[in-house]
Amino acid sequence: MPAKIDHIDVAHEGKRYRVTMRARMDVDAGRAYAVFTDFPRLVDINPAIIKAEPIDGAAPGLQRVHTQVRVCVMSVCRVFDQVQDMQLKPPEQLSAQVIPELSNLRFGQAQWRIWDQEGEAHLHFFAEIEPDFWIPPIVGPWLIKRKLQSEAEETANGIEQLALALAPPQQPKVIETTLAGAL
């Protein structure tokens with residue numbers, strides 16, 4: 001079952017784009033957080049991510065992660081590099097700050113919060129980015145908005161599916177009956 005997207009908004013102002021998403025996933029929040037912060041597995045969460053690896057260089061208390069993301073728009077694909085310093089605040093929060101000189105973004109930051117509520121994992125995601133590449137003025141912002149929205153949804157679905165795939169198998173319920181009761 002795909003994640004339930006309660007709200008998603010992509011805003012564009014100047015050269016920056018902001019994405020806000022609230023979603024619910026049918027999985028334990030702790031398991032979703034564990035899956036999402038297992039950085040090499042990001043490639044299993046979203047097929048647009050073709051590489052994700054922790055690298056050296058972050059300040060103490062942070063984890064630097066290099067990702068390569070393939071973005072295809074109207075049959076034209078390009079691979080973008082993102083190097084981010086991730087700050088984990090278990091069990092619910094994660095934030096990222098893009099290192100512009102190592103990325104295809106002039107600016108980027110993101111925040112995630114994943115928590116349990118009423119038997120579901122709730123995800124709140126916010127990101128603000130400023131690409132460092134040329135965007136066609138008329139159709140470009142519309143295309144970027146659509147791509148950011150679809151990638152946010154894909155990521156929520158991927159977290160849920162991977163967390164469910166890694167969940168311990170459910171034990172079948174034992175229905176006790178006696179031979180006499182079954183007859």
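Two residues are said to be in side-chain contact when any heavy atoms from C-beta on lie closer than 4.5 Å; Val19 and Gln149 fail this criterion. Contact of the Met25 side chain with the Leu123 side chain is registered, since non-hydrogen atoms from C-beta on lie closer than 4.5 Å.
Listed by first and then second residue, the disulfide bond (SG atoms under 2.5 Å apart) pairs involving residues 93-149 amount to none (not counting sequence neighbours).
Salt bridge Arg24/Glu118: absent, no basic N to carboxylate O contact under 4.0 Å. Under the 4.0 Å criterion applied to side-chain N and carboxylate O atoms, Glu130 and Lys15 are not assigned as salt-bridge partners. Salt bridge Arg64/Asp56: absent, no basic N to carboxylate O contact under 4.0 Å.
Ala3 and Glu160 get closest at one heavy-atom pair: N-OE1, 3.3 Å. Of all non-hydrogen atoms in Ala163 and Val35, the two that sit nearest each other are CA-CG2, 3.7 Å. Taking each heavy atom of Met21 and Ala152 in turn, the nearest pair found is CE-O, 3.4 Å.
Every residue meeting the side chain to side chain contact (heavy atoms under 4.5 Å, CB included) condition with Asn104, not counting sequence neighbours, appears here in chain and number order: Arg78, Phe80, Asp81, Asp132.
Just one residue in the list Thr155, Thr37, Ile159, Ile49 forms a side-chain contact (heavy atoms from CB on, under 4.5 Å) with Leu42, and that residue is Ile49.
Rounding to the nearest 0.5 angstrom, the gap separating the CD atom in Glu128 from the OG1 atom in Thr20 is 9.5 Å. Distance NE2/His7 to CZ/Arg22: 5.0 Å, rounded to 0.5 Å.
A donor-acceptor pair is defined here as one N or O able to donate and one able to accept, closer than 3.5 Å; such a pair exists between the side chain of Asn157 and the backbone of Glu153. The closest donor-acceptor contact from the side chain of Tyr17 to the backbone of Ala11 lies at 3.5 Å or more, if one exists at all. Checking side-chain atoms of His122 against main-chain N and O of His124 turns up no donor-acceptor pair under 3.5 Å. Judged purely by atom type and a 3.5 angstrom limit, Asp116 uses its side chain to pair as donor or acceptor with the backbone of Ala29.
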Identify all side-chain donor-acceptor contacts of residues 105-114 below 3.5 Å with residues at least two apart in sequence or on another chain.
residue: Arg106; atom: NH1; partner: Pro131; partner atom: O; Å: 3.2
residue: Arg113; atom: NE; partner: Glu92; partner atom: OE1; Å: 3.0
residue: Arg113; atom: NH2; partner: Glu92; partner atom: OE1; Å: 3.3

